[in-house]
Amino acid sequence: MADTNTPPDARTEAPLLEIRGLRIGFPRPDGPPLVVVDGVDLSIRQGEILGLVGESGSGKSMLALAAMGLVPAPGYVMAGDIRLDGRDLVTLSEREWQKVRGRTLGMVFQDPMTGLNPVRSVGALLGESVRRHQKVGPEEAAAISEAALKAVGIPAARERLAAFPHQLSGGLRQRVMIALALVNRPRVIIADEPTTALDATIQAQILDLLRDRLHEAGGLMITHDLGVAAEICDRIAVIYHGRIVETGRTRDVLAAPRHPYTAGLLAAVPRFHGRGTRLIPIRGAPPGPVSERVECSFRPRCAKAAPECAAAPALEAIAPGRSVACHHPVAAAPAREDAQ
Ligand SMILES: Nc1ncnc2c1ncn2[C@@H]1O[C@H](COP(=O)(O)OP(=O)(O)O)[C@@H](O)[C@H]1O
Ligand SMILES: [Mg+2]
């Protein structure tokens, strides 16, 4: 039977969130600005979760904050476009941002205690956000708030509306943060290390919840843990020292990381130590922010460093949907190479 009614594959549609050439810097009194995000391109489609993975200090939070119009001063967006449904966000006024933030873009912050105002009850926090963005009265706002708590698996949701953040366990607080990010049904949800502060059992529950909720919109999942990204992300972008060094579908990246840094991150996740894979700890620490990049930032830590690495490599496509920024990428089939 000819199937002419199949809806177009959502993943072939134009991206919901598209970031092009994003640079974020911090001014210095004695020289050019320190660049903490240096020419990043990312896109997220409807129904897709993109993982942004990298060590602490690599620029993940700055990138997320830029997408929310919240880069902390004196930091600033030096260059680039951030488009949501084709609309440029970088040029929005603060007034316009207030309509976008919490409405079209939702964010789950790493630390629930900074993300949740401690002197407001859960019901007040949710209700205020609902009434800021939707034309509803207090009763309807309370009903929407209660439904939002139920949707993130909070038992006795109605009673919880009266609770204050400090009265809740870490896991419940993180659920409230997620409810707050989702309550106005945003088009894109950014989750910045949403499970870092939680113990393993609660982390697994929150990841399950995020997997479902982020797939209903478009999601950017930020983590330093490649294992967490592997759990819920469709695609992965690995960030190192403010630049994307590798992107690809999660299963492709995990099966055969091509950047030596990605291979090192993978080796640090115990459950990925499969047969034939070597444990390659990443030695040393990432460099601090610089004004001007010359060599490959990973060169001082890289076992494969060669003279060419004195010039920073560009991110280049190596297969459809797969890119790597490395002069000497890891072989496409590392397990076989290791077996020799
Ligand atoms: N106020 C600041 N002045 C200068 N550099 C800063 C400032 N705040 C953050 N940075 C630098 O920006 C870089 C990226 O930070 P961040 O985005 O928070 O990293 P991540 O979220 O990946 O851990 C870090 O090197 C950090 O030192
Ligand atoms: Mg961070």
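Just follow the structure's listing: the first ligand is 1, and inside any ligand the first atom is 1. Note that the structure is a prediction, hence the values are computed from the model and not measured.
Taken together through direct or relayed side-chain contacts under 4.5 Å among Ile, Leu, Val, Met, Phe, Trp and Tyr, V90 and M68 form part of one hydrophobic cluster.
Taking all atoms of both residues into account, the shortest heavy-atom contact from R301 to R283 is NE-O, 2.7 Å. Closest approach of D88 and I82 over heavy atoms only: OD1-O, 3.1 Å.
Between R293 and D38 there is a salt bridge, with a side-chain nitrogen of the basic residue lying less than 4.0 Å from a carboxylate oxygen of the acidic one.
For ligand 1, the atoms closer than 4.0 angstrom to any heavy atom of S61 are 17 (O), 18 (O), 20 (P), 21 (O). Residue S58 has at least one heavy-atom neighbour below 4.0 Å for each of these atoms of ligand 1: 19 (O), 20 (P), 22 (O). Close approach to S56 involves these atoms of ligand 1, each under 4.0 Å from a residue heavy atom: 23 (O).
Using a cut-off of 2.8 Å, one finds that M62 contributes no N/O/S atom close to the Mg ion (ligand 2).
The single protein non-hydrogen atom nearest to atom 9 (C) of ligand 1 is M62 CE, 3.4 Å, given as residue, atom name and distance. The closest protein non-hydrogen atom to atom 3 (N) of ligand 1 is F26 CD2, 3.3 Å. Atom 11 (C) of ligand 1 has as its closest protein heavy atom V36 CG1, 3.7 Å.
Under the 4.0 Å distance rule, the nearest protein heavy atom to atom 26 (C) of ligand 1 falls outside the cut-off.
With a 4.0 Å heavy-atom cut-off, ligand 1 is reached by the backbone of E55 but not by any atom from C-beta on. Of the heavy atoms in P289, only side-chain atoms (C-beta onward) come closer than 4.0 Å to ligand 1.
Not a single heavy atom of G288 sits less than 4.0 Å from an atom of ligand 1. A heavy-atom separation below 4.0 Å is found between G57 and ligand 1.
You'll find the side chain of W97 stays beyond 4.5 Å of the side chain of L70, heavy atoms only.
The shortest N or O to N or O distance between G59 and ligand 1 is below 3.5 Å.
When the side chain to side chain contact (heavy atoms under 4.5 Å, CB included) test is applied to P307, no partner is found at least two apart in sequence or on another chain.
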